[in-house]
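Let me begin by presenting the structure, written as structure tokens, before commenting on it.
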Protein chains: 2
Amino acid sequence: MSTNHRNGTPAYQRIQNAIRHRIESSHLKPGDSVPSERELAKVHKVSLMTARHALVGLEREGLVERRRGAGTFVATPKIQFNKLMSYTEHMSSRGLTPNSRVLVSRIIAGEPEVAARLGLPPNSALVKIERLRLTGEEPFALEACHLPAGEFSEVVNAPLGRASLFATLQYEYGVELAYADEEVDATAADGRVAELLGVAQGYPVLRIRQVIYSTKGKATIYVVGLYRSENHRLLIRRFR
Amino acid sequence: MSTNHRNGTPAYQRIQNAIRHRIESSHLKPGDSVPSERELAKVHKVSLMTARHALVGLEREGLVERRRGAGTFVATPKIQFNKLMSYTEHMSSRGLTPNSRVLVSRIIAGEPEVAARLGLPPNSALVKIERLRLTGEEPFALEACHLPAGEFSEVVNAPLGRASLFATLQYEYGVELAYADEEVDATAADGRVAELLGVAQGYPVLRIRQVIYSTKGKATIYVVGLYRSENHRLLIRRFR
DNA sequence: AAGTGGTCTAGACCACGGC
DNA sequence: CCGTGGTCTAGACCACTTC
């Protein structure tokens, strides 16, 4: 498997990255056909199954559509489905500049419910980071992240105005995030939330509570997000 | 591929069904280990890749967890993630009896926005089916389904009090549903909705708008659902 | 050390789509 | 008809976890 040893990245991921890059740089536009499994296999010198693995992954992300007998095509860009992305990644993938204001960044304790979500004892110390997310000057979301203070106490000092929390975890702590379980419901904005988001009290907002797991399967971040739903839509693709 | 010809079902799906059945019938409980790829390959007389395909699928459904080096285990049953299910399937998978009241079941026209979602001309005739979903006597959701009247005009006469719409489409029309794109936001209950759902006017409800596609890739159903969010939570698993 | 999942090969046949 | 994706084989090596 010589090609796999060039670097640590599996071949199917290198193929995915190559295609992603061609889409992001607009060399491939929505509706364009993506090279077939057989063609990718030839070009990248891998077997059919490997080329196939790459395309199946991109389809589940919603980046491409595959039609039996016809081919694989760049999907119309509804936003990435079912893909765990940081706010920073999310914004820049849409050509927007991320902008947020850190409201809270300190160590807290005595939040048994949050601790439980992370699989910790009730009185565990936690890092809490609360940020107001903006598009330009307009606020659209309020996000509170919680992490175990035991491991991650130093993130309170990280430059979160600039760098993404995901990136900090990866580069400073070597923690890779793998997936998130999310719980979505609707709730009414209370006084403080209403003021921060610039809506009336009692106004409906979308609430997303997520537990983010590392590649080791360990609950690492608990996030509660409140979103003005005129601005922010949650898009999902579910399969049967 | 003799085993594949016994019936039309692919081998990996037969393996999935076998495992699903053992989980649903409680022969396998959360935390129990599921047979390894190699064991499944032996037992079902398929290759490793096929056994693997089966387990990977079950993992993405959230039914099992896989840990490298350790094995595959039955997941704690948070509810099926990212799986397109009918209300009927959803309820019965949790041991509950589906209960709903059909409010509207007729052919309409002049809904250009809905028609557009289904990829139809603005004034197309549509089948509209509106149902109030109940748990016992308590309403928790209001769902309006729309289908192209050209193909599906007869579903207005289907016994939707009993049979699921998904099942009707499959058995009466031979249409298999494949995936859905959903758009989720929060909105305020207006007068009629508030009354039907038994909440105050202006109360926040979860709105899910979904376009359901057939295996042919054709937009087939457009559903707008409004959910009382204390009762109904949307659970998602997203991967990085 | 034994067993597990993750990646990969070099082919194969089938069903389907578009020409 | 040819090219496409969907399924499948019978192996292989690696990295990892558990013992």
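This one's a predicted model, so the numbers in the text were calculated from it and none came from an experiment. Naming convention: chains lettered A, B, ... in sequence-line order (proteins, then strands); numbering from 1 in each chain.
- Rounded to whole Å, the distance from CD1 on I15(A) to C1' on dT9(C) is 13 Å.
- Look at Y12(A) and you won't find any side-chain N or O under 4.0 angstrom from OP1 or OP2 of dC8(C).
- Note: CD (Q13(B)) to P (dG6(D)) measures 12 Å, nearest angstrom.
- Side-chain atoms of I221(B) and H146(B), non-hydrogen and from C-beta on, never get closer than 4.5 Å to each other.
- Using cut-offs of 30° and 60° for the angle between ring planes, the H53(B) and Y12(B) rings count as parallel.
- Q16(A) has its CD atom 10 Å from the P atom of dC8(C), to the nearest Å.
- One finds a salt bridge joining R117(A) and E183(A) here, because a Lys/Arg side-chain nitrogen approaches an Asp/Glu carboxylate oxygen to under 4.0 Å.
- Put simply, CZ on F73(A) is 9 Å from C1' on dT4(D), counting in whole angstrom units.
- Side-chain atoms of I212(B) and Y222(B), non-hydrogen and from C-beta on, never get closer than 4.5 Å to each other.
- Here the P atom of nucleotide dG11(C) and the CE atom of M49(B) are 16 Å apart, to the nearest Å.
- The phosphate of dT7(C) (OP1 or OP2) has no side-chain N or O of T50(A) nearer than 4.0 angstrom.
- One can place NZ of K45(A) at 12 Å from P of dA10(C), the figure rounded to the nearest angstrom.
- For dG5(C), the OP1/OP2 oxygens have no side-chain nitrogen or oxygen of R52(B) closer than 4.0 Å.
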Please tabulate, one pair per line, each protein N/O and nucleotide N/O from nucleotides 2-4 of chain C that are separated by under 3.5 Å, including the distance.
{"from": "dG3(C)", "atom 1": "N2", "to": "G69(B)", "atom 2": "O", "distance (Å)": "2.8"}
{"from": "dT4(C)", "atom 1": "O2", "to": "G69(B)", "atom 2": "N", "distance (Å)": "3.4"}

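- One finds no salt bridge joining R237(B) and E182(A) here, because no Lys/Arg side-chain nitrogen approaches an Asp/Glu carboxylate oxygen to under 4.0 Å.
- To the nearest 0.5 Å, atom CD of residue E130(A) and atom SG of residue C145(A) are 9.5 Å apart.
- In this structure, the NE2 atom of H53(B) is 16 Å from the C1' atom of dG5(C), given to the nearest Å.
- Note: CD (E176(B)) to P (dA15(C)) measures 17 Å, nearest angstrom.
- The nearest heavy atom of DNA chain D to S47(B) and to K216(A) marks one nucleotide each, and the one closer to the 5' end goes with S47(B).
- Nearest to the side-chain atoms of P10(A) among the listed nucleotides dC8(D), dA12(C), dC8(C) stands dC8(C).
- Taking the side chain as every heavy atom from C-beta outward, F73(B) and V34(B) never approach each other to under 4.5 Å.
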